[in-house]
Amino acid sequence: MANERATANLAGPRSAQAWRIAELEREVRELRRTNTLLRTYVAQRLDAGPHHDTGRPRTPAPPAHPQETRRPAGERPPHRPAPHPAPASASARAVVLRCLGPIEAVVGGRPVDLGAPKQRALLALLASAVGRPVACDVLVEELWAGSPPPAALSSLHAYVANLRRVLEPHRAPRTRPTVLRTSGRGYLLERRSVDVDVDRFTERAALAWQLQDSGDPHGALRAFDQALALWRGPAYAEAADSACVRPDGARLQELRLSATEGRCAALLAAGAHEIAVADLEAFVQDHPLREYGCELLGLALYRAGRQAEALAVLRTHQRRLARELGIDPRPALQRLQQQILHHAPSLDLRPPLAAQL
């Protein structure tokens with residue numbers, strides 16, 4: 001380009017002016033082409049309708065919660081972690097990333113080989129921040145655990161180049177990547193180009209809670225099962241110990257546990273007490289300090305005709321809280337214990353709201 005300008009200047013003012021006019025005409029053609037593509041994309045989105053993106057309802061807003069003092073036994077506690085909002089569109093995405101376990105990628109409907117461990121860890125790091133750039137310095141620091149070799153930056157660039165070939169196998173040479181892009185002094189995964197299972201999990205979990213609140217335990221149970229089935233291990237497994245991944249990993253694990261409790265609550269609301277007991281006993285054994293899980297187990301045992309075991313579970317939990325944390329159970333558990341002692345009618349299974357209408 002610099003040589004062309006120099007040649008035009010040497011040829012005289014008229015030639016330089018002609019060159020500038022040609023450049024302006026080229027830029028106008030590019031702008032028109034971009035504008036046409038944008039209008040076509042928007043028209044397709046509008047024609048597709050509000051649910052064309054994922055084939056599933058959009059993430060519903062978390063429902064309002066009653067006050068703790070008025071919450072019936074077995075109802076979800078008010079402080080449930082809020083899921084991330086679902087992405088705007090996933091219909092035309094050729095790249096599917098599975099991050100709820102070891103990192104996996106599906107391109108054009110087929111699994112692809114993501115290469116060496118550090119290359120896989122790099123993709124996990126970028127997936128944990130999809131849509132946001134991650135600086136090269138941060139990536140190097142995390143991939144080599146604070147002790148990068150002299151050639152670390154060159155290795156990072158090589159990993160990025162390899163991943164680009166894997167994620168966009170049909171991209172023409174010398175064209176800009178659309179999935180793993182350069183952004184400033186770092187890289188980012190373009191949210192519009194990838195479908196991440198983290199988004200689908202939070203979407204299905206939020207839908208399940210909405211269905212449960214609306215009195216449809218069977219629909220809630222199906223949605224919870226679909227959400228939990230996406231998990232294959234720790235989120236972003238290859239980079240789970242990374243400082244920049246740990247916060248989102250902890251958030252997702254908390255949401256996973258809450259969804260497991262929600263599924264058990266849906267089982268109780270659907271009348272599947274024995275199944276709920278089996279699932280909750282394993283859950284409480286693994287997470288003994290989670291009070292809502294303990295509350296659900298006490299209620300499930302009571303509805304299964306095992307009053308003594310229900311009381312034993314609640315009293316054991318009370319002693320554990322006092323011994324390990326020096327606190328009393330929250331009011332809902334204390335109230336449940338009294339209701340079980342007095343065979344309160346409010347503990348009996350009530351038909352779902354949808355069945356009453």
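Throughout, residue positions are numbered sequentially from 1 according to the sequence presented. The structure presented is a predicted model; accordingly, all values stated were derived computationally and were not measured.
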| task | Would you mind reporting whether Asp199 and Arg191 have side-chain heavy atoms less than 4.5 Å apart? | result | yes

| Pairwise salt bridge (Lys or Arg N to Asp or Glu O under 4.0 Å) hits with a residue in residues 96-125, at least two apart | Arg98-Glu104, Glu104-Arg232, Arg120-Glu238

| query | Any side-chain heavy atom of Arg330 sitting closer than 4.5 Å to one from Tyr292? | reply | yes

| note | ring-ring contact (aromatic ring centres under 6.0 Å, His included) pairs touching residues 221-279, sequence neighbours excluded, are Phe201-Trp231, Trp209-Phe224

| Residues in side-chain contact (heavy atoms from CB on, under 4.5 Å) with Arg246, at least two apart? | Ala243

| request: List the steps, then state whether side-chain hydrogen bond (donor to acceptor under 3.5 Å, both in side chains) holds for Thr178 with Arg164. | output: CA-CA 9 Å; Thr178 60; Arg164 283 173 170 168; over 6 Å; no

| From CA spacing to verdict: salt bridge (Lys or Arg N to Asp or Glu O under 4.0 Å), Glu254, Arg290 | CA-CA 11 Å; Glu254 175 61 28; Arg290 290 187 69 88; 3.1 Å; yes

Side chains of residues 128-140: which donor-acceptor pairs under 3.5 Å do they make with residues two or more places apart or in other chains?
from: Ser128; atom 1: OG; to: Leu125; atom 2: O; distance (Å): 2.7

| field | 4.5 Å side-chain heavy-atom contact, Asp279 and Arg263 | value | yes

| query | By side-chain contact (heavy atoms from CB on, under 4.5 Å), which residues pair with Glu281, not counting sequence neighbours? | reply | Val277, Leu297, Leu301, Arg306

| Residues that, via side-chain heavy atoms closer than 4.5 angstrom, fall in one hydrophobic cluster with Leu289 | Leu321, Leu325, Ile327

| message | According to salt bridge (Lys or Arg N to Asp or Glu O under 4.0 Å), does anything in residues 147-162 pair up with another residue at least two apart or in another chain? List the pairs. | response | none

| If you look only at pairs with a residue in residues 178-188, which of them pass as a salt bridge (Lys or Arg N to Asp or Glu O under 4.0 Å), with sequence neighbours excluded? | Arg181-Glu190

| message | Gln337: which residues meet the side-chain hydrogen bond (donor to acceptor under 3.5 Å, both in side chains) condition with it, sequence neighbours left out? | response | none

| message | As a quick check of understanding, evaluate salt bridge (Lys or Arg N to Asp or Glu O under 4.0 Å) for Asp248 and Arg251, giving each step before the final call. | response | CA-CA 5 Å; Asp248 196 48; Arg251 177 191 70 86; 2.8 Å; yes

| Are any side-chain N or O atoms of Arg320 and backbone N or O atoms of Glu324, one a donor and one an acceptor, separated by less than 3.5 Å? | no

| message | Would you say Asp328 and Gln334 are linked by a side-chain donor-acceptor pair, where the criterion is simply a distance under 3.5 Å? | response | no

| message | With rounding to the nearest 0.5 angstrom, report the CG to CG distance, Leu189 to Leu126. | response | 5.0 Å

| query | Should we say atom CG of Asp225 is surrounded by more than 12 heavy atoms from elsewhere, each under 6.0 Å from it? | reply | yes

| Which residue pairs satisfy the ring-ring contact (aromatic ring centres under 6.0 Å, His included) criterion with at least one member in residues 123-172, sequence neighbours excluded? | none

| How long is the span from the CD atom in Glu203 to the CD atom in Gln226, to the nearest 0.5 Å? | 10.5 Å

| query | How long is the gap from NE2 on His287 to SG on Cys294, to the nearest 0.5 Å? | reply | 13.5 Å

| said: Are the side chains of Gln318 and Leu333 in contact, using a 4.5 Å heavy-atom criterion? | reply: no

| message | Is there a side-chain contact between Leu122 and Leu156 in this structure, where contact means two heavy atoms from C-beta onward sitting under 4.5 Å apart? | response | yes

| message | Applying side-chain contact (heavy atoms from CB on, under 4.5 Å), can you list everything that pairs with His343, at least two apart in sequence or on another chain? | response | Tyr302, Gln307

| Partners passing side-chain contact (heavy atoms from CB on, under 4.5 Å) against Ser154 (at least two apart in sequence or in another chain) | none

